[in-house]
Amino acid sequence: MKWKIIALLFVVTSVIISCRKDGKINLNLFSTTAYQFNIPSGTLPTTTPKPIPLDNATTNEGVALGRMLFYDPILSGNGTQSCASCHLQSRAFTDAERYSRGIDGSIGNRNAMPLFNLMWNPTFFWDGRDSSLEQQALHPIENPIEMKAKLEDVITKLNNHPSYPDLFNKAFGSKVITKQNLAKAIAQFERTIISCNSRYDKIEANPFDKDTFTTAELRGKLIFEGNNPSTDGDCIHCHTAGTTFSDYGFKNNGLNEIPLDSGRYYVTKKLSDIGKFKTPSLRNIALTAPYMHDGRFNTLEEVMDHYNTGFHATSQYLDPVMQVQVQGRLTKTQRNDVIAFLNTLTDSTLITNPAYSKP
Amino acid sequence: MKKVIFSIIALFAIASMQSCKRGGSSAPNPTAGNVKIYFNNLANGQNIDMGGTPIYTNALGQKFSVNILKYYISQIRLTDDKGVVANLGNFSLIDEDPTTPKKEVLFANVPPGNYTNVTFNFGLDKVTNALPTGEGDLDHSHGMWWGTEKYLFLKHEGNFINAANQNKGLLYHLGTDGAYAGNISLPITGLTVNANTKTVVINFNLEKMYDGINFETNNNMMSEVGKDNEIVSSISTNIKTAFSFNKVQ
């Protein structure tokens with residue numbers, strides 16, 4: 001009974017009163033149900049999620065609508081691509097391409113990013129150009145090398161659609177669809193995509209779990225977490241911050257002597273940000289090949305070889321953390337141990353959860 | 001069921017009307033004021049060019065740069081001319097981030113008085129340092145949490161020019177209880193709190209923290225529990241003189 005009362009208290013009731021030109025008053029009473037985030041008591045919540053914008057509380061109605069939109073090619077210029085075309089659930093919401101193809105076959109120069117635990121992300125895109133999901137959501141729709149649509153056309157199509165006006169009304173209290181509410185709905189769905197159910201989580205969260213790390217995984221974990229730049233992987237320096245496996249910072253990891261893509265510089269216009277890209281989370285890393293902002297590595301072996309021996313140690317752009325790392329510090333066995341550990345970060349429930357699949 | 005929902009709506013309505021009323025038992029002291037403590041991070045007396053080239057020098061004349069500089073200050077308190085202490089804040093992360101800097105801590109409702117001294121601690125006390133989770137400035141997402149090694153008290157990343165004139169990484173990640181420096185006390189002048197907002201500017205002179213430290217042999221200082229060494233202890237001594245009072249404005 002107590003729970004029912006608490007649940008009732010969560011019912012958000014809003015009254016929208018809008019004055020019409022003729023002086024009459026429109027009264028539109030609508031109610032939404034707050035979405036209950038189900039974050040298990042695993043290891044993920046050692047950091048607090050970013051606050052959800054006050055004007056876009058997560059609701060069951062908004063999440064359901066956002067999910068429909070995420071999978072609907074109506075958002076693209078010629079009706080052939082949805083968000084899910086390049087963000088496939090089976091691949092932790094990225095795709096297997098180095099560069100995803102837009103509706104007319106054009107390709108970009110950055111690898112599609114996976115989508116999960118976005119509530120913890122302070123910035124979006126490889127260069128961090130957006131700081132909220134609401135800002136981010138519309139950009140791929142308009143990008144000429146991606147979904148290549150005119151936002152006004154998309155809004156018109158949605159407004160003329162047989163069911164979307166009602167669904168927007170249920171979520172936002174207005175049948176008139178706006179680009180703001182379109183972005184809000186997609187953002188709401190994206191916030192619900194949470195991944196913290198990997199073997200790593202289960203083992204770390206429950207010392208009495210019958211599953212344990214294999215000896216190779218455990219060795220890999222210690223190399224991963226060790227911070228001696230002469231003998232350890234020293235991975236944790238950037239892939240940490242609680243257990244999001246990313247500091248969400250921007251780093252140059254020495255892919256080239258002189259960066260081919262200026263990255264974060266485009267956003268900040270600071271020379272010191274040339275060639276810096278966001279540290280990606282390593283959760284589900286086994287699912288998200290190819291790797292790096294430009295998808296240049298196809299396997300985790302190639303990635304590990306880059307960090308062990310391949311990075312451009314003399315590049316003036318290289319992050320100081322990597323400048324002190326000794327090349328060739330890991331043996332092949334150690335390299336493979338780290339990969340064994342990284343494989344424990346795969347969350348198979350993320351890629352099968354029906355709540356995230358095509359409605 | 002409908003009745004329940006309507007009564008909840010009614011309760012909300014009443015609650016929102018109630019919240020419009022002013023006053024209450026915790027009314028602020030009318031002569032209390034706001035005090036901002038502003039940490040002015042400097043290298044060689046200059047504002048730091050974050051992400052710039054190595055142009056600053058330590059006591060040994062080694063040139064260095066700063067890409068990241070952030071640190072924890074805890075338990076800021078003010079002492080007035082009668083010896084009365086006003087405890088202000090608990091834990092504040094000071095971050096010289098070039099895009100989203102956080103260098104000021106605001107304290108509201110500070111009792112009126114003539115304050116002659118500001119005291120604070122560098123880092124986090126043992127108990128706080130051992131907390132498994134933290135909120136606000138202690139949230140693990142600030143890049144200052146080091147897993148089982150607990151918190152970093154200070155993070156400075158940049159480059160230095162070595163003896164062979166090469167650009168090398170310079171990393172000081174100081175945490176562990178040995179790096180803690182308690183009761184850094186600075187005399188201040190001109191802080192009269194009386195229904196006003198005053199800012200106390202405190203300089204943090206980064207190069208002073210490195211007095212006597214040779215980057216050539218110590219360019220990668222990572223705190224590890226149980227491995228506090230002479231570098232950590234000289235920094236926790238140096239840090240007390242790295243802070244100085246600048247002005248009240």
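Just so we're on the same page: letters track the sequence lines, and every chain starts at 1. Quick note: numbers below take in every heavy atom, side chains included, and nothing from hydrogens, waters or symmetry partners. Treat the numbers as computed from the prediction; the structure is a model and nothing was measured.
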Checklist line | Within 6.0 Å of CD in B/Glu216, more than 12 heavy atoms from elsewhere | finding: yes

CG (A/Asn228) and CG (B/Asn220) are apart, to the nearest 0.5 Å, by 8.0 Å

Residues at least two apart in sequence or cross-chain that pass side chain to side chain donor-acceptor pair (under 3.5 Å) with B/Asp137, listed by chain then number, are B/Lys102

Of B/Ser65, B/Gly158, B/Gly52, the largest count of non-hydrogen pairs under 4.5 angstrom with chain A goes to B/Gly158

In terms of heavy-atom contacts, A/Pro320 and B/Leu170 come closest through CB-N, 4.3 Å

Residue pairs passing the side-chain hydrogen bond (donor to acceptor under 3.5 Å, both in side chains) test with at least one member in residues 315-324 of chain A, sequence neighbours excluded, are A/Gln323-B/Asn159

### Query
Has B/Lys36 got more than 12 heavy atoms of other residues, nucleotides or ligands less than 6.0 Å from its NZ?
no

Residue pairs meeting side-chain hydrogen bond (donor to acceptor under 3.5 Å, both in side chains), one or both in residues 54-63 of chain B, sequence neighbours left out, come to B/Asn58-B/Gln62, B/Gln62-B/Asn214

task: For B/Lys168 and A/Val324, run side chain to side chain contact (heavy atoms under 4.5 Å, CB included): C-alpha distance rounded to whole Å, both residues' side-chain angles, the deciding distance at 0.1 Å, then the answer.
output: CA-CA 7 Å; B/Lys168 290 286 173 189; A/Val324 302; over 6 Å; no

Looking only at A/His237, A/Lys50, A/Glu225, the option with the highest number of non-hydrogen pairs under 4.5 Å against chain B is A/His237

- Query: Can you tell me if NZ on B/Lys155 sees more than 12 non-hydrogen neighbours from other groups inside 6.0 Å?
  - Reply: yes

Filtered by a 4.5 Å non-hydrogen cutoff, the part of residues 265-280 of chain A contacting chain B is A/Thr268, A/Lys270, A/Ser272

